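Every value quoted in this text rests on a predicted model; they were computed, and no experiment measured them.
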Amino acid sequence: MRLDVEFARLIDATPEEVFDAFTDPEGQEAFYGKDDPGWIVRSQCDLRVGGVWTVDFGPSSLELYQHRHVFEVIERPHRLVLASTETRLDGSSFHTKLEFTFEAKGEKTLMTMTQRGFPTAELRDEHARGLPNAFSRLEKLIQLSGTPTDTGHDRTS
């Protein structure tokens, strides 16, 4: 059994608009955010091959997950590949490979995230549960910036 997650959403914006929103600090914070009161997201990004994107997020300053991504491929506005290390609340960590693609579909963009290499099915499933919210929040940010979005086109596998 493969321990991978793939999620996609069709967004009513160009690949350039979606790519730029996602790699912008506001987009990165939206992607990891929640609407829960007190939810914390701290994101810093050096958007270049070899650059590091760190994200600390969680319900309080004492309970923060830590993600450290290193950019391996940046092909604006079509593709990002990152080597990722996640540190859990208990201090354990694991490594995965992330790929984001931004495919033009007429006037829209199919944004797909594939994350490979989860050590357990439980961790894979936990991440899969959070993706609809992550994509919804990014989509909402794009919509609020003046680019309408098209909801209801999720794909998970």
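Side-chain contact between R42 and L64 is present, with heavy atoms from C-beta onward closer than 4.5 Å. F22 has its side chain out of reach of L141: every pair of non-hydrogen atoms, C-beta onward, lies at least 4.5 Å apart. At a threshold of 4.5 Å between non-hydrogen side-chain atoms, the residues L47 and W53 do not count as touching. Side-chain contact between R137 and D35 is present, with at least one heavy-atom pair separated by less than 4.5 Å. A 4.5 Å side-chain heavy-atom check between I40 and S61 finds at least one atom pair inside the cut-off. With contacts defined as side-chain heavy-atom distances shorter than 4.5 Å, the pair H67/F57 qualifies. You'll find the side chain of E17 stays beyond 4.5 Å of the side chain of P77, heavy atoms only.
Checking side-chain atoms of D36 against main-chain N and O of G58 turns up no donor-acceptor pair under 3.5 Å. Looking at D4, its side chain never comes within 3.5 Å of a backbone N or O of F118 through a donor-acceptor pair. Looking only at distances, a side-chain donor or acceptor of S60 sits under 3.5 Å from a matching main-chain atom of L62.
M111 and V81 are assigned to two separate hydrophobic clusters, defined by single-linkage of ILVMFWY side chains at heavy-atom distances under 4.5 Å. Under the 4.5 Å side-chain heavy-atom criterion for Ile, Leu, Val, Met, Phe, Trp and Tyr, F19 and V49 are members of the same hydrophobic cluster. The hydrophobic cluster containing V70 does not contain L82, counting ILVMFWY residues as joined when their side-chain heavy atoms lie under 4.5 angstrom apart, directly or transitively. Residues L98 and V73 fall into different hydrophobic clusters, defined by Ile, Leu, Val, Met, Phe, Trp and Tyr side chains chained together at heavy-atom separations under 4.5 Å.
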| query | So I74 and T23, side-chain contact (heavy atoms from CB on, under 4.5 Å) or not? Walk me through it. | reply | CA-CA 11 Å; I74 300 173; T23 57; over 6 Å; no
| Can L131 and Q115 be said to form a side-chain contact (heavy atoms from CB on, under 4.5 Å), step by step? | CA-CA 11 Å; L131 289 173; Q115 191 167 8; 5.9 Å; no
| request: May I have the step-by-step check of side-chain contact (heavy atoms from CB on, under 4.5 Å) for S136 and R9, ending in yes or no? | output: CA-CA 9 Å; S136 290; R9 177 164 288 176; 2.9 Å; yes
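Annotation for E63 and L89: closest pair C-CD2, 3.5 Å, computed over non-hydrogen atoms. V55 and S43 make their closest contact through CG2-OG, 4.0 Å (heavy atoms, listed as atom of the first residue, atom of the second, distance). A21 and I142 get closest at one heavy-atom pair: CB-CG1, 3.6 Å.
Residues passing the side-chain contact (heavy atoms from CB on, under 4.5 Å) test with Q44, sequence neighbours excluded: T54. Judged as a side-chain contact (heavy atoms from CB on, under 4.5 Å), and not counting sequence neighbours, the contacts of R88 are Y65, E86, D90, S92, F94, L123, E126, H127. Residues satisfying the side-chain contact (heavy atoms from CB on, under 4.5 Å) test with E107, not counting sequence neighbours, are none.
Here CD of Q28 is found 7.5 Å from CG of D24. Values are rounded to the nearest 0.5 Å. Put simply, CG on N133 and NZ on K140 are 10.0 Å apart, with the number rounded to the nearest 0.5 Å. A distance of 11.0 Å separates OG1 of T101 from CE of M113, quoted to the nearest 0.5 Å. Interatomic distance, CD of E29 versus CG of L138, reported as 12.5 Å (0.5 Å rounding).
Annotation for R68: atom CZ does not count as buried by contact number, only 12 or fewer foreign heavy atoms lying within 6.0 Å.
Only one option out of E103, E72, E99 pairs with R79 in a salt bridge (Lys or Arg N to Asp or Glu O under 4.0 Å); it is E99. Looking at I11, T112, T14, V18 one by one, the single match for side chain to side chain contact (heavy atoms under 4.5 Å, CB included) with F102 turns out to be V18.
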